[in-house]
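The block underneath contains the structure these notes are about, expressed in structure tokens.
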Amino acid sequence: LDDRGSGSWSSVMKGVERAIEFKQEDPDRPMVVSMSLGGRASKAPEDDPLVQMIEKAQKEHGIWFVIAAGNSGPRQGTVGTPGISPSATTVAAMDTKGTATQDDDSVASFSSRGREDGAKGQTLNIAANGVKEFSTMPGGKWSEMSGTSMATPNVAGAAALLLDVAYDLHAQGKLSKHPDEMIKDGSLQKILYSTANDHANFPVTDEGAGELRVDLAVEALMKQAANA
């Protein structure tokens, strides 16, 4: 993308290709790709070339993709591409209201919503704060920004931490399945989703499995390794 955050789908696809090449150069390199980008989903996942490329990268190479859902809420069925990728982790935005507790958090009004039937890839996986997040700006400056593109790096960082722990546990012989295989079959992602904070007053179409709790995800992975 350029310095205004714009670019072509062909450029994004080249980026995915480079990620695959990077992984192939060192298969033991853990990889998480954070994609704070998207556009209107005009095609079904199986007919979307970028989505299919992401599916192949994740299922065949063990690369974990974390993608912004989009900012077209609160209407249902507004998840953008490539967030409609079935295997990727699609991220909704929460508003934490600046407090440390998640009890008063709510789904941001702008955050794209999925569909109740999940048709055409219109599903969400997890949510994280995406309102008034600090971001770096040109000239060494900082600014507060909002969007699912701001929520996505929070989840990508959590995914990277979880993957790093999984690699360490596997190296120690405490985790029988290789972490890349866990990404391919979705079992590592499920740990992140199953430990999310499911707010009873928000449906799965709005927040997916719930709000990110990376501490509980790491704890669950370590407990799984201990019981193996």
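Atoms considered below: every heavy atom in the structure, side chains included; atoms not considered: hydrogens, waters and symmetry mates.
Ion pair Lys174/Asp168 not flagged as a salt bridge, since none of the NZ, NE, NH1 or NH2 atoms sits closer than 4.0 Å to an Asp/Glu carboxylate oxygen. With respect to Glu25 and Arg18, a salt bridge is recorded, a charged nitrogen being found less than 4.0 Å from a carboxylate O. Using a cutoff of 4.0 Å between basic side-chain nitrogens and carboxylate oxygens, Lys184 and Glu181 are scored as salt-bridged. Ion pairing between Asp104 and Lys97 fails under the 4.0 Å rule for side-chain N and carboxylate O.
Looking at Gln102 and His199, their side chains come closer than 4.5 Å, going by heavy atoms from C-beta outward. Ile191 has its side chain within reach of Met182: a pair of non-hydrogen atoms, C-beta onward, lies under 4.5 Å apart. Ser135 is not listed as a side-chain neighbour of Trp142, based on a closest heavy-atom distance of 4.5 Å or more. Considering only heavy atoms from C-beta on, Ile63 comes within 4.5 Å of Phe65 through its side chain. Side-chain contact check for Ile67 versus Ile54: some heavy-atom pair is nearer than 4.5 Å. Using a 4.5 Å cut-off on side-chain heavy atoms (C-beta onward), Ser112 and Ser72 make contact. Inter-residue side-chain proximity for Ile84 and Lys43 is flagged as unmet; no heavy-atom pair is nearer than 4.5 Å. Under the 4.5 Å side-chain criterion, counting only non-hydrogen atoms from C-beta, Asp185 is in contact with Lys177.
Listed for the Thr89 side chain is no donor-acceptor partner under 3.5 Å among the backbone atoms of Val66. Side-chain atoms of Gln52 never come within 3.5 Å of backbone atoms of Asp47 as a donor-acceptor pair (strictly under, hydrogens ignored). Side-chain N or O atoms of Asp164 include none that pairs as donor or acceptor with a backbone N or O of Ala160 at under 3.5 Å. In this structure, the side chain of Gln189 engages the main chain of Ile183 through a donor-acceptor pair within 3.5 Å. Judged by distance alone, with hydrogens and angles left aside, the side-chain atoms of Gln122 form a donor-acceptor pair with the main-chain N or O of Val79 at under 3.5 Å.
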Tell me, with the steps shown, if Phe110 and Ser146 meet side-chain contact (heavy atoms from CB on, under 4.5 Å). CA-CA 9 Å; Phe110 58 75; Ser146 299; 4.2 Å; yes

Evaluation steps, side-chain contact (heavy atoms from CB on, under 4.5 Å), between Trp64 and Leu162: CA-CA 11 Å; Trp64 190 343; Leu162 192 64; 4.2 Å; yes

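Other residues, nucleotides and ligands contribute over 12 non-hydrogen atoms within 6.0 Å of the CD atom of Glu46. Within a 6.0 Å radius of CE in Met13, more than 12 heavy atoms belonging to other residues, nucleotides or ligands are found. Heavy atoms of other residues, nucleotides or ligands lying less than 6.0 angstrom from CZ of Arg75 number 12 at most.
Across Thr81 and Trp9, no two heavy atoms sit closer than the pair O-CH2, 3.6 Å. Of all heavy-atom pairs spanning Ala156 and Val32, the tightest one is O-CG1, 3.8 Å. Pairing each heavy atom of Ser85 with each of Val51, the nearest pair is CA-CG1, 3.6 Å. Contact detail for Pro30 and Leu163: the closest heavy-atom pair is CB-CD2, 3.6 Å. What you find for Ser111 and Thr148 is that their closest heavy atoms are OG-CG2, 3.6 Å.
Tested against Asp180, the residues Lys23, Arg29, Gln58, His61 include a single side chain to side chain donor-acceptor pair (under 3.5 Å) partner, Lys23.
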